[in-house]
Amino acid sequence: MGLFSKLFGDKQDVKVAVEITKSWHYAGEGDCPAPQSTAPIEIPGVLCPDAVGYSNLCTYHVQGYKVNPKTGRNNKTTLKINASSVDDAKKAVIDSGMLEPITVTAENYFDPPNEYQISDAKEYGISIPNGATNADVGAMVYRKTESNGVGPSSGFALFCTQKRLLFSRFIGERDLLTLAYTEFDVRDKVALFACAVDCSQHGIQLGNPH
C-alpha cells in the first residue's frame with residue numbers, strides 16, 4: 001500500500017483500486033499462457049470490419065452536435081474514437097451526450113512497413129503477412145525481441161479492447177501491458193499493477209480483469 005500511495009498520492013483512489021482488484025479473476029482454464037508465436041491474437045467476439053491491417057479496432061471520426069451549456073445552442077463537434085464498428089462508435093458518442101445528426105467516417109490511412117522493419121523481420125525469421133502495416137511489423141519484431149515471442153492472453157487483449165485501446169493483434173504481452181498501464185486512469189493503473197504482481201507470483205498469465 002505504501003508503494004501505491006507513493007506512486008499515485010491519492011489514498012482514496014488507491015483504496016478504491018485495491019477493492020476493485022479483489023473482484024478481478026485471473027487467468028485460468030481457457031485463458032492459459034500463450035506459446036511463443038508470431039500469429040495475430042484472436043480476440044473473442046471482436047472482428048472490426050474497418051480495421052487497418054491487423055489492428056484490433058478502427059479509429060473513427062465522428063461528427064455531431066453537443067449542447068453548449070453557456071448558450072444552450074447545439075454546436076457542431078468532431079471526435080475521434082476507437083471502436084469495433086460504425087455502430088459501436090456511434091453508440092459511444094451518443095452515450096457521451098452527442099446529438100443527431102451524426103456522421104461516422106473510418107480512418108483508413110496507414111504507413112507500410114519500412115525497409116528497416118523488413119530487414120529486422122528477416123533477421124528474426126518473421127514472415128510478414130499480406131496487408132501488414134508499419135505498426136503490425138513493429139509489433140511483431142518487438143514481440144519477438146521484448147516478449148520472448150509471447151503475445152497477451154486473449155482475455156487480457158479483450159479487456160484492453162473493451163477499454164478502447166488501439167493496438168496491433170501482433171502485439172507482445174509486455175507491450176500491451178505497458179500500453180494499458182500508460183493509458184488507463186489512476187484507479188485502473190493501480191489495480192492492473194496489483195493484478196500483474198499477483199499473477200506473476202502465482203505463475204499465471206494476466207487474464208481478463210473484470
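Y54 places a side-chain heavy atom less than 4.5 Å from the side chain of P129. When side chains are defined from C-beta on, Q117 does not count as touching I128, because their heavy atoms never get closer than 4.5 Å. Side-chain contact between I102 and V62: present, with at least one pair of heavy atoms (C-beta onward) separated by less than 4.5 Å. Within the 4.5 Å cutoff, the side chain of K91 has heavy atoms near those of the D95 side chain. Contact check for K66 versus N75: no side-chain heavy atoms found under the 4.5 Å cut-off. Side-chain contact between Y109 and V52 is absent, with no heavy atoms from C-beta onward closer than 4.5 Å. Taking 4.5 Å as the limit, some side-chain heavy atom of L192 sits within range of a side-chain heavy atom of L206. A 4.5 Å side-chain heavy-atom check between Q162 and V46 finds every atom pair outside the cut-off.
Atom CG of L57 sits about 10.5 Å away from atom SG of C160, to the nearest 0.5 Å. Expressed to the nearest 0.5 Å, how far CD of E173 lies from CZ of F156 amounts to 8.5 Å. With rounding to the nearest 0.5 Å, the separation of OG in S154 from CZ in F159 is 14.0 Å. Rounding to the nearest 0.5 Å gives a distance of 9.0 Å between CD1 of I126 and CZ of R143. Rounded to the nearest 0.5 Å, atoms CG (N56) and CG (L165) are 8.0 Å apart. Interatomic distance, D198 CG to I204 CD1, rounded to the nearest 0.5 Å: 6.5 Å.
Pairing each heavy atom of C48 with each of A83, the nearest pair is SG-O, 3.8 Å. Of all heavy-atom pairs spanning K189 and F184, the tightest one is CE-O, 3.0 Å. Contact record, A132 with P113: O-CD, 3.4 Å, taken as the closest heavy-atom pair. Here the closest non-hydrogen pair linking P112 and N134 is O-CB, 3.5 Å. The shortest heavy-atom contact between L158 and P44 is CD1-O, 3.6 Å. Pairing each heavy atom of A135 with each of S168, the nearest pair is O-CB, 4.1 Å.
Heavy atoms from other residues, nucleotides or ligands lying under 6.0 Å from CZ of R164 number more than 12.
Every residue was checked against the ring pair (Phe, Tyr, Trp, His ring centres under 6.0 Å) condition with F167, not counting sequence neighbours, and none meets it.
Residues Y142 and M140 are members of separate hydrophobic clusters, defined by side-chain heavy-atom contacts under 4.5 angstrom among Ile, Leu, Val, Met, Phe, Trp and Tyr. Note: the hydrophobic cluster containing I94 also contains I81 (ILVMFWY, side chain heavy atoms under 4.5 Å, direct or indirect links).
When atom types are taken as modelled, the side chain of T145 and the backbone of V141 share a donor-acceptor pair closer than 3.5 angstrom. Judged by distance alone, the side chain of N114 and the main-chain N or O of Y116 form a donor-acceptor pair under 3.5 Å. Looking only at distances, a side-chain donor or acceptor of S85 sits under 3.5 Å from a matching main-chain atom of D88. In this structure, S96 contributes its side chain and V93 its backbone to a donor-acceptor pair below 3.5 Å. T178 contributes a side-chain N or O that, together with a main-chain N or O of R174, makes up a donor-acceptor pair within less than 3.5 Å. Not one N or O on the side chain of D175 forms a donor-acceptor pair closer than 3.5 Å with the backbone of I171.
Of the charged side-chain nitrogens involved, none lies within less than 4.0 Å of a carboxylate oxygen, so that E183 and K163 do not count as a salt-bridged pair.
Taking the six-membered ring where the residue is Trp, F193 and Y181 present tilted rings, their angle falling between 30° and 60°.
When only modelled atom types and interatomic distance are considered, T133 and D136 share a side-chain donor-acceptor pair under 3.5 Å.
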Test side chain to side chain contact (heavy atoms under 4.5 Å, CB included) applied to V86 and Y60, step by step | CA-CA 8 Å; V86 169; Y60 292 94; 3.8 Å; yes

